[in-house]
Amino acid sequence: MAKFSGVWATFEYLDEMSHAVEKIREKGKKPTVLSPCPRHEIDHALGEPQTRLPFISLFAGMLGCLTGYSFTAWTASDWVLPVSGKPIVAIPPFTIIGFELTILFTALFTLAGMVLLGVIDTLRHPLPPAVKKYTRFQRDRFGVVVDCDPAQTQDFEEIFKSYGAEEVHIENN
Amino acid sequence: MSGTTFTYGKINDDMLRMLERPHPSYFLLLLGFLTALGLGVLSLAVQVNVGIGYSGINHPIAWGVYITNFVFWIGIGHAGTLISAVFYLTRAPWRTAIYRAAEAMTVFAVMTAGLFPLLHTGRPWLAYWLIPYPNQRMLWVNFKSPLAWDVFAVSTYMTVSILFFMIGLIPDIAILRDEAIRKGQKLRAMIFTPLSLFWRGTNYQWMHYMRAYLIYAAIATPLVFSVHSIVSWDFAMSSIPGWHTTIFAPYFVAGAIFSGLAMVMTVLIPVRVVFGLEDYITDHVVQSVCRVIIFTSIIVGYAYATEFFIGWYSGSPFEKAIFYFRPFGLMEEWTLTGEQSIGFPQIAFFLMVFCNVIAPIPLWRWKIRNNLVAVWIICGLINVGMWFERFNIVGSSLQREFLPAAWGSYWPTVVEFGITVGSFGFFFTLFSLFVKALPPMAIMELKEAAHPPMKKEAHG
C-alpha cells in the first residue's frame, strides 16, 4: 500500500460534512468522501462528478448487437438449412439474438467497467489503513479524507473541527 | 413511506437482527421444504434413469407438466425484475423494502425454471447441444427456431438477474463485513471481505455504482418484457390451434407479472409477520402490490376473453374446436360419475378462470387489501391458477390438434407430480436459506430513502 499523508475526519451529520467538503474544495484539494448510502448533497458538494461508465456500456451494447447479427448470419451461411424457401440470412429472427446479446454484453461489460473504474479511482485516491479499520462508514457515519503534505495538515484539521467533525486524525506514514 | 424517519443506525440494526440465529421453527420449516426437494430429486432420478417414457408425455402430447413448470417458474421470476428495474426507473418508492427479496425470488425462480428444459430434453447430459459451439461437422443450431431464441433469452435473463442481484448486494455485504469485524467474527469477515469486492463506500465507488445500477435497470426493463414474449413464441410460432396467435406475447408477460407479484406476496407476508417488519413492509407496500395484481388480473382476464372471441371470429373450425374443448372437453367425457371422468385440461381451465379472474376481485376493496390473511389466501389461489393457466395452454392444444384420428389425452404420472413438488421445494429451500444468510431487504436503499442525519433544517 502506498504511503499516505493527510487528514481524515468522521462526521455525524450530512450537512456539516457537505459544508466541510465545499470548504476543502475551495482550498484546491479533492477530498474522498465515505458514506453509508449515496446522497445528492455529497454530489453537489463535490461539484457533480460524472462517471465514464455509460461509454463502456454503450460500446458493449453495440458490440453485442453486432455479434448477435453477425454470428447468426455466419452460422446460417455456414450450415445452410433451407426452410420453405425463406431467406437463409433472415433479419427478423436474428434480431432476437442481436437483442439478447446486446443486453448480455452490456450487463457483463457494465459490471466489469464498474469494478475497473472503481479500482482505478481507489489506486488514484488511496485511503489510509486507519480509515479501513473504522467500521462505521457503512453504518451511520460520513467520512472525509484529504490527501495533503504534512505541512498542510494543520489547516485541514482546523477546517474539519470548525465544521463539527466527531473525530479528526492526522496520518503521516 | 414510514421508513423515512428512521436513523441510519436503527435501519442497520433492524435489518441485521433478521440474520441472527433462527428460531427452531425455522429449521422445521426448512426440513419441510427439504423433504419436498428430496421427493423431487428422487423423482428426477427415476425419470432420468428410466427415460422420458416414464412420464405421461407421449404422442401427441409432447409438452406436458415439465414445460408447464418451465413457463410457470420463468413467469414467477418476472415480478422481481419488474420491481427492481421497472419500478426503479419509474421511481416508485414503495419498491425499496421489497425489491431485494423479489430479486432473490427472480434468481431462484429462473434457476428452478432452467432445470425443466434440460429435463424435458430426455437426455439432460446432452443439453449442451442447445448451445452453438464449434464442432467437427460445423453443425450449428437453427437460429430461426424459437427454441434457440429461448436458450439465448433465458440464459441472458438468468445471467442479468444474478448480476443485478449481486450488484445490489455489494454495499450490504460490506455492512455485514464491517459488523463481523466489529464483533471480532474472523471467519465471517474473511468470507464477506472478497464478496463485498472491497467496498468502502467512497464517493468514486458510489458514482460508478449508482450509474451501473441505473444502466442495469435500463437494460433489464426491455429484457424482462422480451423473455416471456420469447417463451410465448415457443408456442405462438407453431401452427397448433390455440397457440398460433399474436396475443401470446403480451398475454404471457401480463400473466408472468401477475403470478410473480402473487408469489412475492406469498413469501413476503410470512416474512413480515415472522420478523415483525410492519414498519418496513408497510400496509402501503402491500396495497401497492395488490393494485398491480388487480391491474394484471384484468389484463389476463381480458386475454382469456379475447382468445375465445378470436377463436370464434377467425372462422377457423380448428380454432373454434379448441376453444370449445378447453372448457367442455368431449361431451361424453363431461361426467363426474361416468366411466370417463373429467379430463385434466377441463380442471385446468376452470381453476384458471376462477383463481385468476374471479378470486382477485375482492382485492378491489380497501378492507380486503389491508387484511394480510385475505391477501395471502388470494395470492395463494393466484399461484395455483397461474400454474393451471400454463398447463391449460400447454396441454389442451396438443390433445386436440387438426386430425381427430391423432387426438390423445394426458394425465401426469407420479414422477411428474414428484418433480413439480420438488421444484417448489427447491425454490422455497433456496429462499429460506437466503432470508437468513443475506439481508432480505436492501439496507443501503432503505437508508437512501430515509431522512439523512442533518444538524440544521434539511434543505433541497
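What you see is a predicted model, and the numbers here were worked out from it, not measured in a lab. Order of the sequence lines sets the chain letters (A, B, ...), proteins ahead of strands, with each chain counted from 1.
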Hey, which of [options] has the most heavy atom pairs under 4.5 Å with chain B?
options	result
Pro36(A), Pro38(A), Pro93(A), Gly118(A)	Pro38(A)
Ile103(A), Asp140(A), Leu111(A)	Ile103(A)
Gly143(A), Ala90(A), Ala107(A)	Ala107(A)
His125(A), Glu16(A), Lys133(A), Met17(A)	His125(A)

Residue part contacting chain B, namely of [X], when any heavy atom lies under 4.5 Å:
X	result
His40(A)	neither
Leu117(A)	both
Val115(A)	side chain
Phe99(A)	side chain
Ile97(A)	side chain
Thr102(A)	neither
Pro92(A)	neither
Thr32(A)	both
Leu101(A)	side chain
Glu12(A)	backbone

For [X], which atoms come within 4.5 Å of any heavy atom of chain A: side chain, backbone, both, or neither?
X	result
Pro222(B)	both
Leu163(B)	side chain
Trp233(B)	side chain
Thr159(B)	side chain
Ile175(B)	both
Leu197(B)	side chain

Is a side-chain donor or acceptor of [X] paired with a backbone partner of [Y] at a separation under 3.5 angstrom?
X	Y	answer
Asn12(B)	Arg139(A)	no
Arg39(A)	Pro452(B)	no
Lys144(B)	Ile88(A)	yes

Exercise. Under 4.5 Å, heavy atom to heavy atom, which residues of residues 200-216 of chain B contact chain A?
Worked result: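 Counting heavy atoms that sit under 4.5 Å from chain A, the residues of residues 200-216 of chain B involved are Arg200(B), Gly201(B), Thr202(B), Asn203(B), Tyr204(B), Gln205(B), Trp206(B), Met207(B), His208(B), Tyr209(B), Met210(B), Arg211(B), Ala212(B), Ile215(B), Tyr216(B).
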Can you tell me how far apart [atom1] ([X]) and [atom2] ([Y]) are? Round to the nearest 0.5 Å.
X	Y	atom1	atom2	value
Arg182(B)	Tyr134(A)	CZ	OH	11.0 Å
Trp149(B)	Ile96(A)	CH2	CD1	4.0 Å
Ser57(A)	Ile219(B)	OG	CD1	7.5 Å
Met138(B)	Thr75(A)	CE	OG1	9.5 Å
Phe152(B)	Thr72(A)	CZ	OG1	8.5 Å
Lys132(A)	Phe198(B)	NZ	CZ	9.5 Å

For this session: Kindly state whether the ring of Phe71(A) and the ring of Trp140(B) have centres lying under 6.0 angstrom apart.
Result: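 Distance test on ring centres: under 6.0 Å, yes.
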Could you check whether atom [atom1] of [X] has more than 12 heavy atoms from other residues, nucleotides or ligands sitting under 6.0 Å from it?
X	atom1	answer
Lys23(A)	NZ	no
His244(B)	NE2	no
Phe55(A)	CZ	no

Problem set entry | Derivation of the side-chain contact (heavy atoms from CB on, under 4.5 Å) call for Met444(B) and Gln138(A) | CA-CA 9 Å; Met444(B) 176 278 280; Gln138(A) 310 303 324; over 6 Å; no
Exercise. Under 4.5 Å between any side-chain heavy atoms of Ile230(B) and Glu100(A), yes or no?
Worked result: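 A side-chain contact under 4.5 Å exists here.
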Exercise. So do the side chains of Met454(B) and Glu41(A) get within less than 4.5 Å of each other, counting heavy atoms only?
Worked result: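 In contact.
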Exercise. Looking only at heavy atoms, which two atoms of Met114(A) and Ile170(B) are closest? And how far apart?
Worked result: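 Reported closest heavy-atom pair: CE-CD1, 3.8 Å.
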